[in-house]
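Atoms considered below: every heavy atom in the structure, side chains included; atoms not considered: hydrogens, waters and symmetry mates.
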Amino acid sequence: MKALAIDTAVSCIYIAAKCDENTVTLRLDIGMKQAEKLLPAIDYVLNQVGLSAKELDYMALTVGPGSFTGLRLGMSALKAIHLAYNIPVYAFSTLDVYAYDFSDSREKIISVIDAKKDRFYACVYAQGVRVSEPFDEEPSDIAKRLESAEAYVAIGVDSALFVEKMHEVSPNMQIRADKKNVVTTDALFLMAEEKIAKKEPPLQDYDGPSYIRKSEAEEKLPKNAQ
């Protein structure tokens with residue numbers, strides 16, 4: 001299949017294009033320069049596999065949780081291609097994408113993203129199945145949520161920081177960070193094609209990013225204005 005996948009949920013972004021068996025993946029750890037680099041990066045990976053946007057069979061992306069700016073940027077880029085060429089877009093939780101390659105783990109998986117302000121976005125999985133809803137909590141609250149007798153593996157780009165913070169609040173917790181570098185676009189291609197095979201619907205025009213947390217602007221609004 002011919003496809004484009006992007007993950008702009010955190011500062012380290014992935015952009016990949018595939019044409020049947022050929023795949024080109026670009027990793028950009030560029031912080032606040034995402035806005036100026038994303039569209040040229042999409043053009044680059046498409047050109048490298050000999051595709052134009054109108055030839056795509058589908059597109060896939062992470063929809064959050066993650067960076068408010070990054071998620072909006074990724075969504076806008078793919079929706080523009082969708083509107084121009086009617087290419088379907090398949091959307092996935094960032095935390096689910098991180099966890100995809102760990103479905104065979106005997107330990108429980110906790111997929112995490114640094115949400116700043118001493119909080120983490122997280123979700124717990126057992127053998128590839130969610131056993132919690134995604135949440136946004138401080139390490140002390142997460143420690144209360146997790147079962148003390150269980151062993152956990154933290155995954156995601158912020159997993160090492162997460163484990164450090166968890167051991168500060170719960171020194172005896174059985175938790176370690178997995179150092180595997182998950183190329184999220186690889187998972188996005190596989191997850192999207194599973195949806196296509198099952199004839200599940202793509203992203204709808206009215207769908208948007210999944211933030212979990214309110215933006216700073218929303219939090220500053222007077223209560224009577226929310």
Side-chain angles (χ1 to χ4, degrees), residues 7-14 31-32 34 61-75 91-103 105-182 184 187-188 191 207-223 225-226:
D7 172 18
T8 58
V10 297
S11 61
C12 179
I13 66 176
Y14 284 93
M32 298 301 291
Q34 287 179 339
L61 82 165
T62 51
V63 289
S67 159
F68 285 71
T69 301
L71 294 173
R72 287 194 294 267
L73 180 65
M75 182 73 70
F92 301 91
S93 158
T94 314
L95 299 171
D96 288 353
V97 172
Y98 288 171
Y100 184 81
D101 284 345
F102 295 84
S103 59
S105 174
R106 294 183 179 181
E107 299 163 295
K108 281 191 175 177
I109 295 296
I110 180 161
S111 183
V112 298
I113 296 170
D114 182 5
K116 311 305 180 184
K117 300 182 179 180
D118 200 30
R119 299 174 73 92
F120 288 86
Y121 300 124
C123 190
V124 183
Y125 304 79
Q127 297 182 324
V129 178
R130 278 188 188 180
V131 293
S132 79
E133 288 302 310
F135 50 89
D136 166 22
E137 293 178 352
E138 296 179 357
S140 57
D141 292 322
I142 297 174
K144 294 173 186 174
R145 177 189 286 270
L146 303 182
E147 298 175 42
S148 59
E150 293 279 2
Y152 293 89
V153 179
I155 59 172
V157 293
D158 301 313
S159 58
L161 174 64
F162 176 77
V163 169
E164 177 185 328
K165 294 292 185 181
M166 294 305 295
H167 281 153
E168 286 177 4
V169 298
S170 183
N172 297 322
M173 178 174 287
Q174 299 180 64
I175 187 167
R176 63 179 178 85
D178 188 277
K179 297 181 180 180
K180 179 180 179 181
N181 181 27
V182 175
T184 49
L188 282 168
M191 294 168 78
D207 290 330
S210 173
Y211 295 126
I212 298 182
R213 176 188 299 179
K214 292 181 179 179
S215 69
E216 287 189 16
E218 290 175 311
E219 289 178 345
K220 290 177 181 178
L221 283 174
K223 289 186 178 180
Q226 296 183 22

- prompt: Hey, what do you get for CG (D7) to OG1 (T62), rounding to the nearest 0.5 Å?
  reply: 3.5 Å
field: Mutual orientation of the aromatic rings belonging to F162 and F120 [parallel < 30°, tilted 30-60°, perpendicular > 60°]
entry: perpendicular
- request: Locate the shortest heavy-atom distance separating I110 from I175; write the atom from each residue and the value.
  value: CG2-CD1, 4.1 Å
task: For residues F68 and Y121, report the shortest heavy-atom separation together with the two atoms involved.
output: CE1-OH, 4.0 Å
- line: Closest non-hydrogen atoms of L71 and G66, given as atom of the first, atom of the second and distance, are CD1-N, 3.7 Å
field: Where V112 and A122 come nearest, the two heavy atoms and their spacing
entry: CG1-CB, 3.9 Å
- prompt: Would you say S67 and T8 make side-chain contact, with heavy atoms under 4.5 Å?
  reply: no
Residues, nucleotides or ligands: over 12 heavy atoms within 6.0 Å of E150 CD: yes
task: Report yes if the side chains of Y98 and V157 come closer than 4.5 Å at any heavy-atom pair, otherwise no.
output: yes
- prompt: Would a distance-only check, ignoring hydrogens and angles, find a side-chain to backbone donor-acceptor pair under 3.5 Å from S103 to G128?
  reply: no
field: side-chain hydrogen bond (donor to acceptor under 3.5 Å, both in side chains) against N181, all qualifying residues, sequence neighbours excluded
entry: Y14
Student check: side-chain heavy atoms of I142 and M166 closer than 4.5 Å: yes
- request: Could you pull out all residues at least two apart from Y125 that satisfy ring-ring contact (aromatic ring centres under 6.0 Å, His included)?
  value: none
query: Between P65 and S93, what is the shortest heavy-atom contact and its length?
result: CD-OG, 4.4 Å
task: Scan for salt bridge (charged side-chain N to carboxylate O under 4.0 Å, His left out) pairs involving residues 151-172, sequence neighbours excluded, and state none if there are none.
output: none
field: Qualifying side-chain hydrogen bond (donor to acceptor under 3.5 Å, both in side chains) pairs, either residue in residues 128-141, two or more places apart
entry: D96-R130, R119-D136, D136-R213, E137-R145
task: Of all the heavy-atom pairs spanning V163 and A154, show the shortest one and how long it is.
output: CG2-CB, 3.8 Å
task: State which residues pass side chain to side chain contact (heavy atoms under 4.5 Å, CB included) with L73; sequence neighbours excluded, sorted by chain then number.
output: Q34, A35, L38
- prompt: Taking it one step at a time, do K180 and I155 satisfy side-chain contact (heavy atoms from CB on, under 4.5 Å)?
  reply: CA-CA 8 Å; K180 179 180 179 181; I155 59 172; over 6 Å; no
statement: Sorted by chain and residue number, the side-chain hydrogen bond (donor to acceptor under 3.5 Å, both in side chains) partners of E107 (sequence neighbours excluded) come out as R176
pair T94-I113: side-chain heavy atoms closer than 4.5 Å: yes
field: Donor-acceptor pair, side chain of Y100 and main chain of L188, under 3.5 angstrom
entry: no
